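This structure is a prediction, so every number in the text was calculated from the model and none was measured. Just so you know, ligand 1 is whichever comes first in the structure, and atom 1 is the first atom listed for that ligand.
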Amino acid sequence: MPTQLERARDGVVTSAMGRVAERERRDPEFVRERVADGRAVIPNNHGHEGLDPMVIGEAFATKVNANIGNSEDTSDPEAELEKLHAAVHFGADTVMDLSTGPDLDRIREANVAHSPVPVGTVPIYEAVKRAGSPADVTRDLLRDVIEKQARQGVDYMTVHAGVLMEHLPLTDGRTTGIVSRGGSILARWMEEHGEQNPLYVDFPELCETFREHDVTVSLGDGLRPGSLADASDEAQFAELDTLGELTGVAQERGVQVMVEGPGHVPMDEIRDNVDRQREACDGAPFYVLGPLVTDVAPGYDHVTSAIGATEAARAGAAMLCYVTPKEHLGLPEREDVREGMAAYRIAAHAADVANGLPGARDWDDALSEARYDFDWRRQFDLALDPERAREFHDRTLPGDNYKEARFCSMCGAEFCSMRIDRDAREAGEGMTDLDDETDLDASPAAAVNLPPVGTHDAERLPAWPPEREGPNDASGEADD
Ligand code: SF4
């Protein structure tokens, strides 16, 4: 079956392209053109049933990925599904299952089966797990793992194929060395075997598997900087040039491609990083991990990175990988997922507004009009995190009567500036004429009932809790 890229090149608007055009308020032909020339991807494994197609590309709404998955120290498949549910509930456009603990296959298959959004993986994690150590990974094992995960319905895979032997000495003087898990594993493998990166050597062959299942390749940045001191260095950009070469290799074979980026980058270098990726990779979608704009705030890295992510999206990055408050400190839990998603939904939306994305500002205008009308219920419904907004309001003014109040507890009734302003306008005291109420129905914002794209209606989420197969289902089955 042809990939979305191949169909687009043939001039065909697929049902997936039609669906993303509807979600993005774009013409289907606009979507097809961008997929055809590699500037957008629709991660959509042929085997992922129940997926609601979405598009990643500079011309479309900025997307947010949430990383989920277990580690050696935590292994509860139900908890993993709960994280998936939380990520989608709080607005994730894609999820990456980065599990490295037990039950890898069951967790991955459950995630694909329950996820309405594309699921990504990093196959080398499973290869290391099965081999027992990075040095014991073989080329055959890597191919087997990628083939199996493609059959399981994974929509996109991160492969660190651009880390080459000749790049490794360039990291010698770094403050934080190689911080990418995939990058460090492959560097160790190359040093141990004295051979080139197997993902690079076998990349054309691996593309056959990606093409067969329409798995989108996410070219990993294994040499991304892990500190401001290492940002924009020779190692990072040498790898980026290789990623540009691999982008062409994959696209020639009909495989959809996006490219991953840093990491930790000072604010003033972010735009240059995006421009450089666009040039090196011929406009393939850029998927950035943050970047964090300062290294001094462990515990708050969802904030440090959301600042960088906003700047990156403003400059043209197409997807942002969220960071939670636990970054550098521990495995995130549900509340961390919520905080990280909120920070990144804000980053993505702020960039979309500034970039003039069609419909993006309508959401802000609708909320502002509801605010000036003291329509508290509509404010909550329109809020990026309605539960949080309602909870904070109700902590001090819980009664139903306060849902029509012309003030809140922040300034109080007497000093509510919006009430004072409205009263003055309504009394006609020489100020601009104002209707009794803002006419929401006449406003372009009236059409906005939900955030424009990327946020799933709760009713469309997979059932929770998930159906259980039986009492023995949660027992520790080997992952392969
Ligand atoms: S009390 Fe202050 S914060 Fe609350 S609605 Fe009025 S102006 Fe806004």
field: Residue Arg26 excluded, over 12 heavy atoms near CZ under 6.0 Å
entry: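 For Arg26, atom CZ is crowded (more than 12 foreign heavy atoms under 6.0 Å).
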
- prompt: How about Asp37: does its CG atom have over 12 heavy atoms from other parts shown lying under 6.0 Å from it?
  reply: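 Yes, because the 6.0 Å sphere around CG of Asp37 holds more than 12 heavy atoms from other groups.
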
field: Numbered atoms and elements of ligand 1 in range of Met410, under 4.0 angstrom, heavy atoms
entry: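 Reading through ligand 1 atom by atom, the close ones are 3 (S).
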
- prompt: Can the ring centres of Phe380 and His393 be said to be less than 6.0 Å apart?
  reply: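 Here the rings of His393 and Phe380 have centres that are less than 6.0 Å from each other.
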
- request: Would you kindly check if the NZ (Lys) or CZ (Arg) of Arg278 is within the cone defined by 45 degrees around the ring axis of Phe286 and under 6.0 Å from the six-membered ring centre?
  value: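 Checked: cation-pi criterion not met.
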
Contact flag Cys408/atom 4 (Fe) of ligand 1, N/O/S atoms, threshold under 2.8 Å: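 A backbone or side-chain N, O or S atom of Cys408 is under 2.8 Å from atom 4 (Fe) of ligand 1.
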
Protein contact to [atom] [nearest heavy atom, distance to 0.1 Å]:
atom: atom 7 (S) of ligand 1; value: Ser417 OG, 3.4 Å
atom: atom 8 (Fe) of ligand 1; value: Met418 CE, 4.0 Å
atom: atom 2 (Fe) of ligand 1; value: Cys411 SG, 2.2 Å
atom: atom 6 (Fe) of ligand 1; value: Cys416 SG, 2.2 Å

message: Run the ring pair (Phe, Tyr, Trp, His ring centres under 6.0 Å) test on Phe30 and Phe60 for me, step by step, so that the C-alpha distance in whole Å, both residues' side-chain angles and the decisive distance to 0.1 Å come before the verdict.
response: CA-CA 10 Å; Phe30 179 88; Phe60 302 100; 5.6 Å; yes

